[in-house]
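These notes are about the structure you will find just below.
Note that ligands are numbered from 1 as they come in the structure, with each ligand's atoms numbered from 1 the same way. Worth saying up front: this structure is predicted, and the values here are computed from it rather than measured.
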Amino acid sequence: EKGGYEHFMFKEIMEQPKAIRDTISPRLRDGKVVLDDVTITKEDLEDLDRLYVIACGSSYHVGMAAKYILERLLRIPVEVTLASEFRYCAPIVTKHTLALVISQSGETIDTLAAMREAKRLGARILSIVNVVGSTIARESDDVLYTWAGPEIAVATTKAYSTQLAVIYLLGLYFADRLGRVTAEEYSRLVEELRTLPAKAEAILKDTEKIQYYASIYFNHNSVFYIGRNIDYAVGLEGSLKLKEISYIHSEAYAAGELKHGTISLIEDGTLVVALAGWNELFEKLMSNVKEVKARGADVIGIACENHKEALESLVDSAMTIPEVDPMFLPSLEVIPMQLFAYYVALMRGCDIDKPRNLAKSVTVE
Ligand code: M6R
């Protein structure tokens with residue numbers, strides 16, 4: 001049942017290209033995104049004044065990436081809220097609000113409760129769910145299913161990736177309907193989306209290097225993930241993956257925040273994972289890398305192939321991914337992050353599929 005692999009998590013990491021493909025291909029027709037299952041009209045869209053993303057854990061991290069993606073494509077403000085906070089933050093919800101509820105299981109109690117509150121306040125609910133017929137799916141106005149298939153490992157991988165895929169579809173679909181994207185830009189992005197599974201596949205072909213890096217760093221006890229913008233959103237997910245299954249303390253920071261406190265924690269041997277996929281911000285990230293290296297940190301860097309040489313000259317361990325439009329970076333950058341967490345946990349002898357104190361679906365508050 002583990003497809004010949006030692007752990008479900010590894011199997012599910014490997015299944016990601018297929019899961020992404022299964023999620024996007026039925027919704028791409030003749031170079032267009034078609035979302036038959038969404039009943040929101042053009043008029044409803046034009047009336048939207050804000051989007052709320054409501055989710056927990058990794059699904060919340062998809063929301064963090066979604067903010068960058070959807071605000072860029074739609075120019076509508078996107079608020080990302082932890083489901084457990086939503087009911088206590090006096091959310092500004094009206095009938096012009098669309099609540100995007102993201103959940104693999106469709107049963108997370110905090111997410112469900114927040115969704116009900118958003119509905120009570122008048123929001124329209126669009127959920128992104130993996131489990132067909134789950135409570136969140138049933139109670140939503142519209143559902144976009146992620147076709148990841150059953151996810152067994154507690155640490156989510158393929159569900160996260162398919163949730164992102166749905167965000168791309170949704171962003172492109174809404175942007176097109178609202179006329180907020182030029183025809184050329186739209187076609188270019190749809191084509192990039194179509195080729196994303198193949199790029200993910202290419203990254204998964206080269207796991208040895210990541211395994212080797214894990215063997216160098218698995219004994220570290222403090223890891224910081226730094227990035228800017230969408231790279232920061234991926235850092236949050238990378239950090240959660242690592243702490244969840246390897247029990248190593250880790251945190252993610254927006255790289256520009258280092259100077260405002262975190263840098264005091266950097267000392268000889270601290271591990272920093274620098275996410276520099278967004279080409280425009282590469283130099284900025286590299287200056288952060290120099291700052292942490294000067295204080296003794298070991299640095300793993302990740303960037304697009306066009307920056308391979310520069311990256312290799314500045315970091316201790318470099319990983320590269322194929323070049324993509326920045327909005328698709330999370331889908332590619334997350335793969336080395338997942339594999340790194342996996343191999344580190346493996347080398348530390350952890351119970352990878354069932355980490356201590358955690359449940360696959362959190363149905364109590
Ligand atoms: O089923 P959900 O997407 O609602 O679950 C949300 C979180 O509990 C979940 O993403 C959790 O953070 C994962 N174990 C992370 O790998």
Side-chain angles (χ1 to χ4, degrees), residues 7-13 15-16 19 23 52-66 80-86 99-116 118 125-140 143-167 225 233-248 250-252 330 334-335 337-342 344-345 350-365:
H7 297 98
F8 281 110
M9 183 181 176
F10 196 78
K11 171 175 178 264
E12 289 162 4
I13 289 174
E15 282 171 352
Q16 288 179 110
T23 300
Y52 258 103
V53 179
I54 299 171
C56 301
S58 293
S59 299
Y60 170 77
H61 296 155
V62 169
M64 293 290 285
V80 193
T81 316
L82 287 164
S84 55
E85 292 289 321
F86 184 81
L100 266 186
V101 178
I102 310 178
S103 175
Q104 186 284 129
S105 60
E107 301 295 346
T108 302
I109 195 73
D110 283 320
T111 310
L112 180 60
M115 168 180 140
R116 287 177 175 155
I125 313 289
L126 170 60
S127 64
I128 300 174
V129 176
N130 194 46
V131 177
V132 176
S134 54
T135 313
I136 290 175
R138 279 187 279 112
E139 293 190 16
S140 304
V143 190
L144 278 168
Y145 282 111
T146 48
W147 299 118
E151 192 179 60
I152 311 293
V154 164
T156 181
T157 52
K158 61 176 181 169
Y160 169 93
S161 288
T162 53
Q163 287 166 350
L164 277 173
V166 171
I167 294 294
Y225 288 74
V234 187
L236 289 166
E237 177 60 7
S239 168
L240 176 60
K241 285 284 88 81
L242 186 74
K243 73 182 86 158
E244 192 177 21
I245 60 170
S246 77
Y247 316 143
I248 297 176
S250 73
E251 293 191 46
V334 79
I335 296 173
M337 300 296 106
Q338 297 164 342
L339 287 166
F340 182 70
Y342 174 81
V344 165
C350 298
D351 189 355
I352 294 183
D353 284 338
K354 283 193 176 42
R356 66 187 182 203
N357 309 337
L358 292 169
K360 180 66 183 162
S361 161
V362 183
T363 52
V364 286
E365 254 187 83

Next on the checklist: Between Ser58 and Tyr160 (side chain of the first, backbone of the second, donor and acceptor by atom type, cut-off under 3.5 Å), is there such a pair?
Outcome noted: no

Item to check | Gly235 backbone acceptor or donor facing Ser239 side chain under 3.5 Å | outcome: no

Item to check | All pairs passing salt bridge (Lys or Arg N to Asp or Glu O under 4.0 Å) where residues 351-361 contributes a residue, at least two apart | outcome: Glu151-Lys360

Next on the checklist: Under the rule for side chain to side chain donor-acceptor pair (under 3.5 Å), what residues qualify as partners of Ser161, not counting sequence neighbours?
Outcome noted: Gln16

Item to check | ring pair (Phe, Tyr, Trp, His ring centres under 6.0 Å) partners of Tyr60, counting only residues at least two apart | outcome: none

Checklist outcome for this item: Sorted by chain and residue number, the residues with a non-hydrogen atom under 4.0 Å of ligand 1 are Cys56, Gly57, Ser58, Ser59, Ser103, Gln104, Ser105, Thr108, Val154, Ala155, Thr156, Leu240, Lys241, Glu244

Checklist entry - Taking NZ, NE, NH1 and NH2 as the nitrogens, is one of them in Lys158 or Glu12 under 4.0 Å from a carboxylate oxygen of the other? => result no

